[in-house]
Number of protein chains: 2
Amino acid sequence: MIKILLADDQALVRGALSALLAMEPDLEVVAEVGSGDLVVDAALEHRPDVALLDVEMPGMDGIAAAAALRGVLPEVKVLIVTTFGRPGFLRRALQAGASGFVVKDTPAAELADAVRRVHAGLRVVDPALAADSLVAGESPLSPRETEVLRAASDGSTAAAIAAKLFLSEGTVRNHLSSAIGKTGAATRAEAVLIATENGWL
Amino acid sequence: MIKILLADDQALVRGALSALLAMEPDLEVVAEVGSGDLVVDAALEHRPDVALLDVEMPGMDGIAAAAALRGVLPEVKVLIVTTFGRPGFLRRALQAGASGFVVKDTPAAELADAVRRVHAGLRVVDPALAADSLVAGESPLSPRETEVLRAASDGSTAAAIAAKLFLSEGTVRNHLSSAIGKTGAATRAEAVLIATENGWL
DNA sequence: TCTAGGCACTGACAAATGTCATGGCCGGAT
DNA sequence: ATCCGGCCATGACATTTGTCAGTGCCTAGA
């Protein structure tokens with residue numbers, strides 16, 4: 001019997017995944033949480049074999065939760081589930097110690113198998129996504145550029161970003177210009193889009 | 001026995017919802033599709049009582065599919081499911097003839113009830129979302145402003161938008177300026193954000 | 001019929017943006 | 001010890017953006 005911890009912020013999806021996994025005779029969902037912050041506590045209490053973590057969650061996201069879980073209970077295997085197949089997500093998930101990475105548009109029948117394979121100590125990675133991850137590579141953005149670009153992602157003006165990050169306005173424009181160049185974009189808005197699609201923010 | 005048609009582009013979620021509904025003795029999923037374009041065909045073939053449609057789908061979205069379904073098989077009740085509780089979505093869904101509107105973070109246990117209530121001829125609407133919909137009101141943007149703003153949402157420059165929509169660059173800037181004013185934003189990027197959050201695009 | 005409002009355009013102006021050259025500071029690699 | 005790269009900053013420049021005033025066309029409602 002493989003014991004599973006389920007983390008997804010959307011209650012409906014969480015419950016549905018639970019129902020899906022409950023159909024398998026050898027799987028058992030022992031805990032469900034709706035936030036990344038609750039993962040470690042729930043794992044300590046219910047001692048699952050596998051943790052199924054969504055990336056998109058308020059507060060601590062699935063990848064951060066995976067890293068935290070690894071620090072406390074390294075024997076728990078982590079399988080990351082996500083809506084968006086961003087190359088950067090896969091890279092960061094594996095670096096955080098995840099054993100598997102599944103996108104939400106894989107067939108439902110394969111989820112149980114993925115759980116079993118992860119439990120058996122194997123790696124489970126979407127091959128198409130792995131290829132994307134290789135071509136996209138790591139983020140070309142420096143830490144500061146990433147920070148500035150993220151601050152720009154809500155349409156803030158350069159002056160507003162400068163105030164928020166305690167920088168000069170010219171410096172902000174320089175970082176943005178550099179980010180625009182590295183992403184191959186023409187405007188900051190396009191740079192934000194490209195960086196987001198690649199999971200660099 | 002209530003017969004259900006399920007439409008969601010994410011196979012994993014679709015399968016999971018199917019498993020969830022299959023646990024109810026009086027519900028039966030008779031068809032599953034992964035695109036809005038397939039909804040009408042599948043409905044004609046399987047004659048469901050209730051159609052459970054996700055809004056976010058490639059090709060024809062859930063709301064358009066609801067309208068199309070209503071034109072062909074008006075006796076089929078439509079229950080819209082969505083990740084994002086955008087006020088504009090609710091309004092458009094109801095105008096398209098949907099009987100219910102459920103957000104994906106409602107508890108899993110309530111989904112079956114929502115299906116039953118919709119089947120019984122009742123309306124099912126998230127109360128919090130309904131309130132939002134009232135305050136947000138209809139989109140203040142004119143058709144042209146909406147079009148221009150949508151074209152700007154990928155970070156395109158004014159010149160690029162003008163070329164795409166066969167407008168003068170000055171006209172594009174005027175429409176954007178007007179949209180910025182109506183949304184209460186300070187920049188076009190912020191206007192895009194606000195319009196998206198309200199479901200106006 | 002008149003009128004209001006959406007749509008399109010022009011021209012002009014201030015502000016914001018993107019780029020470039022330049023320089024100083026620091027930490028890690030050679 | 002030196003060099004390189006990231007980081008912060010300045011100042012200057014051309015371009016883009018956001019705003020405003022004014023014009024005209026067209027359609028739907030009073």
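By convention in this document, chain letters (A, B, ...) are assigned in the order of the sequence lines, proteins followed by strands, and residues within each chain are numbered from 1. Bear in mind the structure is a predicted one, so any value in this text is a computation, not a measurement.
Partners of E32(B) according to the side-chain hydrogen bond (donor to acceptor under 3.5 Å, both in side chains) rule, which considers only residues two or more places apart in sequence or in another chain, are S18(B). Residues passing the salt bridge (Lys or Arg N to Asp or Glu O under 4.0 Å) test with R86(B): none are found, sequence neighbours excluded. Partners of D113(B) by salt bridge (Lys or Arg N to Asp or Glu O under 4.0 Å), not counting sequence neighbours, listed by chain and number: R116(B). Judged as a side-chain hydrogen bond (donor to acceptor under 3.5 Å, both in side chains), and not counting sequence neighbours, K77(A) has no contacts. For the salt bridge (Lys or Arg N to Asp or Glu O under 4.0 Å) test, residues two or more places apart in sequence or in another chain that qualify with R173(A) are E169(A). Every residue meeting the side-chain hydrogen bond (donor to acceptor under 3.5 Å, both in side chains) condition with S178(B), not counting sequence neighbours, appears here in chain and number order: E145(B). Scored by the side-chain hydrogen bond (donor to acceptor under 3.5 Å, both in side chains) test, T83(B) finds no partners at all (sequence neighbours excluded). With sequence neighbours left out, the salt bridge (Lys or Arg N to Asp or Glu O under 4.0 Å) criterion links E45(A) to no other residue.
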What nitrogen or oxygen pairs link the protein and nucleotides 3-7 of chain C at under 3.5 Å?
unit_1	atom_1	unit_2	atom_2	d
dC7(C)	OP1	P143(B)	N	3.4
dC7(C)	OP1	R144(B)	N	3.2
dC7(C)	OP2	S142(B)	OG	2.1

Write down the protein N/O and nucleotide N/O pairs, taken from nucleotides 24-30 of chain D, whose separation is under 3.5 Å; answer none if there are no such pairs.
none

> When you check every protein heavy atom under 4.0 Å of nucleotides 11-30 of chain C, what one-letter string (B, S, -) results, 5' to 3'?
Replying inline: -B----BBBB----------
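Contact check on D8(A) versus K104(A) returns a salt bridge, with a Lys/Arg side-chain nitrogen under 4.0 Å from an Asp/Glu carboxylate oxygen.
The rotation axes computed at either terminus of the helix from dT1(C)-dA30(D) to dT30(C)-dA1(D) lie 30° apart, taking five pairs at each end and rounding to 10 degrees.
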